[in-house]
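So that the names make sense, note that chain A is the first sequence line, chain B the second, and so on, each numbered from 1. Just so we're clear, the structure is a prediction, and the values are computed from it rather than from any experiment.
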Amino acid sequence: MKHTISVLVENEFGVLARVAGLFSGRGFNIESLSVAPTLDSSLSRMTIVTRGDDRILEQINKQLNKLIDTVKVIDFTGEDYVERELAMVKVNADESVRAEVLRIADIFRSKVVDVTPRSYTLEVTGAPAKIDAIVELLRPIGIKELVRTGPVVLGRGSKGWKQAE
Amino acid sequence: MKKTGSQILLECLQLEGVDTVFGYPGGAVINIYDDLPDYPSITHVLTRHEQAAVHAADGYARSTGKVGVAIATSGPGATNTVTGIATAYMDSIPMVIITGQVPTPLIGNDAFQEADMVGITRPVTKHNYLVKDIRDLARIVKQAFYIARTGRPGPVLIDLPKDVQVASCKFEYPDKVELRGYKPTYTGNPRQIAKAAKMILGARKPVIYVGGGATLSDCNPELLDLAEMLNMPVTTTLMGMSSFPGNHDLSLGMLGMHGTYYANMAVTNTDLLIAVGARFDDRVTGKIDTFAPHAKIIHVDIDPTSIKKNVRVDLPIVGDLKQVLSAVVRKLHEEGDSVAALKERTAEWLEEIAGWKEKHPLTYTPSDSEIKPQFVIEKLSEMLNEDAIITTEVGQHQMWTAQFFRFKQPRTFLSSGGLGTMGYGLPAALGAQMAFPERQVVDISGDGSFQMNSQELATLVQYKLPVKIVILNNNYLGMVRQWQQLFFERNYSQTPLEVPIDFVKLAEAYGATGISTDRVDQVEEVIRKALETPGPVIMEFKVSREENVLPMVPAGRSIHEMVLAS
Ligand SMILES: Cc1ncc(C[n+]2csc(CCOP(=O)(O)OP(=O)(O)O)c2C)c(N)n1
Ligand SMILES: [Mg+2]
């Protein structure tokens, strides 16, 4: 089963390597990972999407907590949370398909962030499923390049951790 | 007053109460060595290999419970420490390893003698640091010692670039450690403890299964209390060995691959397995699905990741074993009556176990014509002092030691259990002897393993350390040969050690003493003579070459499916 985990870590050099090394060394899988500093710049927040049964997830959770640099771990699975991912898609924009691309972009409320005679680059945000959907629609038109951030999540309401933490 | 980085490091070691460090100099630590003579409270032991320095610090740590300290230079010196660090990591030994590093501006440039030690040791340390700014140094050293010895202990590496050793700043040792991400749990949850007491009182066939955590938390008195109070039999892993007296009526000896028949049968039939600081390693459990099939499992461990990693657990208790066990004992005392009843009730269970013991005791076929290795171990067990510290290498001799030596006191058996490192025993003995100059320290070795760190004879001689070395010489990498015999149709590929070594001359070349025999009737005399001889002594026993370690559970089989005889 898919799990989305947020990890609050010390914003120090080498921490990403520790987390990545933990996953690879123990044979856990990482589907996506995003990381950036928090409001408190001494901390970074990672969002990791992984897969595994309950036993594996329990181990992942405990092993992450065991790292000295880990301050907090939350597995959002089964919780109420909002999830967003950002993607940029450079898509073929030949004369015959330009209008079609813009129409699709419009449907997904995505923005055109770069234009050339040959291509449009679209920026799209939303739940990962929404990004999957636009990618599928654009694929037959000709995707030249695609980059996705991987999802980030926040608990709804009081679920999550206080900024002070 | 300002101090240099190397001075700050040594000041910190002094403040941490470090009296002995093991190390080997080189360009990237030359400043530390330059300042070392100004710190006479710190004795430095020059080993002859950096791996040995780390094993020696490990032996010092295992025998004392204090944090062991080792120093090595950058590059090859640092990479030589890796096996030692991994050995300590697998057995959760508190250590701080200091490696020199090339100057910070050169890091990442493939500079001379540069190795990314933080990267290399990340998976085999509890934590590690690269010190980039001298102002962080004191805090990092303080944290390193704290992390090494608290919670589930482990090795911590500090990589110290040369320019940081030379730079200077005001020295202030922090009196508190602040790590918001590291807060080990020591006291067990009272509700879980109450449940444990209840489960124990409900059990008919309880077994206590003790691992290395018991040694680390020094909970042997509490363990003895718990076992005796309810007459519960105790089996230990290799790492738990000296935490429960081997000559106690309730001792079942070791369980697992080379465990006793009765320990494995007891575990297979128990209705309550109380795991204390053990991690259900595959060498212990055999085929995991059939391990303790009828048991409810209570698992006490300070490290939450150990719990439910390999087996299902009915009652987890996270905490320091010493605190948890004494809380459980207290809880049981409150139940006066039923405790007495349980003591009665285990009588039947103990009888059942006694039956297994009678049927298949731990034994071997004695011989008049050749020396049986097991016989040597039995003699050592008889003749050495109760507080003698035994180290081993890895192989058959190690398993025979675990089977036939009766350890009576805690922290008297030092062996590489998790990593299984040949070459561990001699330097570990060196470290233990530094810590306890007055006690007997004996390395029980094989002819193969001994040659992995035999250069340490020089260190023993230099520091006048009277370590006694027993070599059970079978001219084989015996343990591997045994597997080849049993599972590879006697295809003894690359396991005979063809060149006979003259271990007596080898000892003498280093200025130590060597004694050798192949006669059974001389075994006692050789041991006696070695113990009487001052300084390091090698006792070589030419033993029967193809003796096997039995019983044995073939890898991947259930632990009750033991091979009992060849
Ligand atoms: C560093 C290292 N290399 C290889 C092994 C694999 N190994 C395990 S036991 C053994 C044989 C050890 O031979 P010896 O020291 O003579 O002991 P014996 O089994 O003969 O008593 C070997 C090669 C190991 N454990 N450690
Ligand atoms: Mg051998």
**Q** Check for a donor-acceptor pair, side chain of A:K72 on one end and backbone N or O of B:G181 on the other, with a separation under 3.5 Å.
**A** no
**Q** Cut-off 3.5 Å, side chains only: do B:N310 and A:R55 have a donor facing an acceptor?
**A** no
**Q** Quick one, B:R122 and A:L22 - any side-chain contact, counting heavy atoms below 4.5 Å?
**A** no
**Q** Please state whether the side chain, the backbone, both or neither of B:P304 comes within less than 4.5 Å of a heavy atom of chain A.
**A** both
**Q** Considering residues, nucleotides and ligands other than B:K309, do more than 12 of their heavy atoms fall under 6.0 Å from its NZ?
**A** yes
**Q** In terms of side-chain geometry, is the basic nitrogen of A:E10 or B:R180 positioned less than 4.0 Å from the acidic oxygen of its partner?
**A** yes
**Q** Can you tell me if B:R135 has over 12 outside heavy atoms packed within less than 6.0 Å of its CZ?
**A** no
**Q** With respect to chain B, which residue among A:S42, A:G14, A:G21 yields the maximal number of heavy-atom pairs within a distance under 4.5 Å?
**A** A:S42
**Q** When you look at NZ of A:K90, are more than 12 heavy atoms from neighbouring residues, nucleotides or ligands closer to it than 6.0 Å?
**A** no
**Q** Nearest 0.5 Å, please: how far is NZ in B:K126 from CG in A:L67?
**A** 12.0 Å
**Q** Heavy-atom distance under 4.5 Å to chain B: side chain of A:N65, backbone, both or neither?
**A** backbone
**Q** Under a 4.5 Å heavy-atom cut-off, does chain A meet the side chain of B:K183, its backbone, both or neither?
**A** neither
**Q** Using a 4.5 Å cut-off on heavy atoms from C-beta on, say whether the side chain of A:K66 contacts that of B:R152.
**A** yes
**Q** So for B:D303, is it side chain, backbone, both, or neither that comes closer than 4.5 Å to the heavy atoms of chain A?
**A** side chain
**Q** For B:T305, is there any backbone N or O sitting under 3.5 Å from a side-chain donor or acceptor partner on A:Q59?
**A** yes
**Q** Does CD belonging to A:E136 count more than 12 external heavy atoms closer than 6.0 Å?
**A** yes
**Q** Among A:I68, A:D69, A:V71, find the one that has a side chain to side chain contact (heavy atoms under 4.5 Å, CB included) with B:L179.
**A** A:I68
